[in-house]
Protein chains: 2
Amino acid sequence: MDRVDRILQQWARERPELDTRSMGLLGRMKRLATHLGREVEQVLQSHGLSSSSFDVLATLRRSGAPYRMSPGDLLEMTMVSSGTMTNRIDQLEKSGLVERVINPHDRRSVLIALTDKGLGIIDEAVFAHVANQKRLTETLDDDEKAALDALLRKFLAAFE
Amino acid sequence: MDRVDRILQQWARERPELDTRSMGLLGRMKRLATHLGREVEQVLQSHGLSSSSFDVLATLRRSGAPYRMSPGDLLEMTMVSSGTMTNRIDQLEKSGLVERVINPHDRRSVLIALTDKGLGIIDEAVFAHVANQKRLTETLDDDEKAALDALLRKFLAAFE
DNA sequence: GCGATGTGTCTTGACGTCAAGATAAATCGG
DNA sequence: CCGATTTATCTTGACGTCAAGACACATCGC
């Protein structure tokens with residue numbers, strides 16, 4: 001009997017004709033995602049990053065040397081709008097973690113390049129981040145993690 | 001091989017020592033929550049609501065007649081800060097869906113009351129909302145939904 | 001070549017959110 | 001009773017986000 005169960009119970013009393021069978025599942029997913037996001041944010045904050053800026057730096061880092069991508073490619077990886085991406089890049093550029101360099105092959109566009117400072121910070125932050133992710137999933141044993149991952153994979157496939 | 005798998009693959013190439021076993025699970029959860037949130041938002045928008053305002057109205061509605069709660073109680077149900085709740089109430093009050101009435105038992109506080117208009121809107125919106133939730137979970141069969149719900153319940157219990 | 005169309009990026013304006021602190025009223029201790 | 005403390009709500013300021021559109025350059029068709 002968790003908080004979500006109590007919500008379903010209230011609906012059953014007030015609007016008994018509602019088919020709330022999916023509501024519990026989606027409600028738990030939303031609450032869990034909120035909790036997890038806040039936990040993740042806290043660890044990144046101790047490295048001077050938000051999960052927004054972390055996403056951009058991590059995307060550049062894992063693309064491999066020379067750690068350069070166009071804003072458009074970054075956009076595609078991160079599920080945000082173009083305006084949001086401009087904001088994120090502006091902020092990272094001000095902090096000296098990335099820089100805009102001209103794209104020799106297409107003068108309409110720029111390339112976002114990780115600086116040495118940015119590379120150092122993301123390499124430290126991602127190490128702490130994966131340790132934190134491991135901690136956050138500790139309540140599930142290996143079989144449960146595998147089962148959950150498989151279900152989420154199937155569910156997610158419906159949207160991407 | 002979905003988008004999350006590709007991310008893990010990149011990390012394995014660039015930073016093979018990283019233990020990314022939890023990263024896939026949490027990444028899928030985050031992406032899924034984002035997709036689901038956007039889908040939910042679209043349906044609510046067609047009733048003139050955001051998921052923020054829907055949350056408040058739904059919380060009042062399922063509390064039962066006379067559909068009144070203090071801002072503090074609403075806060076507790078919705079995982080947001082007090083400033084956010086004030087904003088939401090302000091906006092709903094401007095739209096005439098709730099009103100602030102004095103609390104006869106505690107003059108420090110107010111009660112947020114659903115108006116007739118608010119009651120009508122939330123009753124329609126929640127009906128469309130549950131139908132939408134049902135649609136969004138259609139890719140999973142009943143057993144899968146039950147298994148996923150059980151795993152999410154256990155996972156969520158670690159945080160609330 | 002060159003005008004029309006397409007593409008990549010940035011700007012603008014409106015929201016939603018949080019943290020921290022301000023304000024007002026109830027309650028507690030003596 | 002009355003000052004001190006606690007509690008409930010709201011205010012402020014800073015961010016992050018999106019949708020829609022502006023702008024600059026590339027490319028296509030003639």
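So that the names make sense, note that chain A is the first sequence line, chain B the second, and so on, each numbered from 1.
With respect to A/D142 and B/R21, no salt bridge is recorded, no charged nitrogen being found less than 4.0 Å from a carboxylate O.
Between B/E76 atom CD and D/dT7 atom P the separation is 14 Å, expressed in whole Å. As a whole-Å value, the separation of A/N103 CG from C/dT9 P is 8 Å.
Taking the six-membered ring where tryptophan is involved, the planes of B/H129 and B/F54 are tilted, since the angle between them lies from 30° to 60°.
With hydrogens and angles disregarded, a donor-acceptor distance shorter than 3.5 Å links the side chain of B/E144 to the backbone of B/D141. Judged by distance alone, the side chain of B/T115 and the main-chain N or O of B/L97 form a donor-acceptor pair under 3.5 Å.
Annotation for A/E160: atom CD counts as buried by contact number, over 12 foreign heavy atoms lying within 6.0 Å.
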Expected string for nucleotides 8-23 of chain D under the B/S/- scheme (protein heavy atoms, under 4.0 Å, primed atoms plus P, OP1, OP2 as sugar-phosphate) is SSBB----SBB-----

